[in-house]
Chemist: 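There's a structure below that I have some questions on.
Here is how names work: the chains are called A, B, and so on, in the same order as the sequence lines, proteins then strands, and each is numbered from 1.
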Amino acid sequence: MLREMAVLLEMQGIAWKPRAYEKAAGGVESQDVPVADIYEQGGIPALERIAGVGRGIAAHIAELLQKGSIKEYAALKKKFPVNVTELMAVEGVGPAMIRVLWEKLRVRSLADLERAAVTGKIRGLPRFGEKSEQKILKGIAFLRASGGRRTLGSVLLEARSMAAMIRSFPGVHDVAIAGSMRRRKETIGDIDILVSSERKKEITERFLSLPFVADVQGSGETKTSVRLKNGMDCDLRVVPPASWGAALQYFTGSKEHNVALREIAIKKGLKLNEYGLFRGKKAVAGRTEEEVYKALGLAYIEPELREDIGEIEAARKDALPALIGYDDLKGDLQVQTDWTDGEDSIEKMAHAAMAAGLGYIAITDHTKSLAMTGGADEKKLLRQMGEIDALNKKFKQKNFKILKGAEVNIGKDGSLDIADDVLAQLDVAGAAVHSHFGLPRHEQTARVIRAMENPHIDIIFHLTGRIIGKRPAIDLDVDAVIAAAKRTGTVLEVNAYPDRMDIKDEHVRRAVAAGVLLSIDSDAHSTRHFDLLEYGIAAARRGWAEKKDIINAWPVEKMLKMLK
DNA sequence: GCCGTTTTCGGCCCGACTGTTTTCAGTCG
């Protein structure tokens, strides 16, 4: 509603207020406790502690929670009874356009907009033409087709190969993938590629002729936007080498992080843009990102942290975390094999893990409740342990270790489907929810905590059970789970599988803050899957995790000693 | 409407590209 109010206010040409509402909406969104709970516990003062929420907006929120509606919102909607959220989702449509469309054509919805465009009514409006009409139709078609964002793992490799092709163009100094992909967000809306070169025109022309470009949306001197054949949007930006650092900083975002940096620059009497950091006309930094941050009085901030959620304050105090590195994992604690629903044998998985540079893996096949996967009962699990013992003898000289594990199923009431005396014989016992996804919060939370209280369960795998774009997370009191993890010495898993990625970045951050240990696992179901660990590491970094927080970044002996 | 290492009043990020205009408003990131 706050976002909607921002648009409705902007439609009236009101200055600044829209930005305030927008900021407040961002503040509310970044809470992971419902505002209702915040209000209930701390009243208006607690609401005002949310970033961007002051007296006025706190009163609006309280009004909504108490009376179910906001007077001012209703008044705005009365003036413009338009579905602004729906219309704003169309690329190229903004508040001013919505206002004209409403006043002249009575457009309220996406369907109205499409009708107006198809029947050629839009081209006659002031400051509109045939091209604007076509652009609107294209925007609607794209909205319907793409429906939004894709997982990082489904697009990163393709973007890297695009970047490699661009790197081979003559005259290119440097190429980088920027934007949310460089920040390693779990989902990506579009691909941003930055190039440094003196030969802008030539680079742009070559880029436009690449085979994966489907449609050109705009192309100017330094900035080009295309739609790719895979359906995604891609922006190319070409800057001179002297501006590389400033441009990379700007193009990486996030927007909120950039705005905060620019405000710091202003306070120092400087101006920050994508060409550099300037005092008057004189550039004081810009060739590298490091010098831009330094000139602003900040420690270098890793891209994964640039969300304006405290990293700038930490950088000012030189208190940023020493993030876990992309090469720091020594083992993988969730691996499936052909004993259940994996594709490959234990031995093959071990060889693949070695090739990926790992020193150990835990074999964690499903247990009997997952009958369709051939889940193991106690007998089968003991048999598998025997095979692992035999393989370990074989791998001894290679300095590689296979750990005995399982992905034990958590029942509806939190009970486990493998007996304690067998669990006791495992090196690593993980447990996970695979059914009853719809239980109410308190039941769901109690069930997971009961599993954690088992003296043998070391790790909770994919805690919330979500599948990005397919299945929502189970309703869990994550803070209660984190507290229980601390109390019981249970590890929480960061699952690296691209459409799982739970626990997600903000949960990682809360777990780390609470002193709970984490593992980063590939959830490999095939020898190819060890490459996925990168995405889990990314999520952990976005959650401010350090090497010391991640148990499988430790040597195997130390890790085993830590487990229950 | 919000906020404070410059402020409790007076600021609020900055530039590229497009389309429809004859100089710029709107949108985007």
Chemist: Look at all strands and tell whether A/Val90 reaches a base, only sugar-phosphate, or nothing, counting heavy atoms closer than 4.0 Å.
Modeler: sugar-phosphate
Chemist: Look at A/Glu313 together with A/Arg316 and state whether they make a salt bridge at an N to O cut-off of under 4.0 Å.
Modeler: yes
Chemist: State the pairing partner of B/dG4; accept Watson-Crick or G-U wobble contacts with both distances under 3.5 Å, and report none otherwise.
Modeler: B/dC9
Chemist: Treating primed atoms plus P, OP1 and OP2 as sugar-phosphate and everything else as base, which nucleotides of nucleotides 15-20 of chain B get B, S or - for protein heavy atoms under 4.0 Å?
Modeler: SSSSBS
Chemist: Does A/Glu186 come within less than 4.0 Å of A/Arg466, counting only side-chain N to carboxylate O?
Modeler: yes
Chemist: In whole angstrom, give the distance that lies between atom CZ of A/Arg123 and atom P of B/dT21.
Modeler: 14 Å
Chemist: Under 4.0 Å between any heavy atoms, over every strand shown, what does A/Leu272 touch: base, sugar-phosphate, or nothing? Just pick one.
Modeler: sugar-phosphate
Chemist: Measure from CG on A/Leu296 to P on B/dC14 and round the result to the nearest Å.
Modeler: 12 Å
Chemist: DNA chain B: A/Leu270 or A/Val93, which has the more 5' nearest nucleotide?
Modeler: A/Leu270
Chemist: Nucleotide by nucleotide, 5' to 3', does protein get under 4.0 Å of the base (B), only the sugar-phosphate (S), or neither (-) in nucleotides 1-12 of chain B, counting heavy atoms?
Modeler: BSS--B-----B
Chemist: What is the distance from NZ of A/Lys255 to P of B/dC13, rounded to the nearest Å?
Modeler: 10 Å
Chemist: Whole angstroms only, please: what is the CG-C1' distance between A/Asn258 and B/dC14?
Modeler: 10 Å
Chemist: Does the A/Ser243 side chain pair with the main chain of A/Val239, one donor and one acceptor, at a distance under 3.5 Å?
Modeler: no
Chemist: Just checking A/Pro18: base, sugar-phosphate only, or nothing, at a heavy-atom cut-off of under 4.0 Å?
Modeler: nothing
Chemist: Sort and list the pairs that fulfil ring pair (Phe, Tyr, Trp, His ring centres under 6.0 Å) and have at least one residue in residues 495-514 of chain A, not counting sequence neighbours.
Modeler: A/Tyr497-A/His529
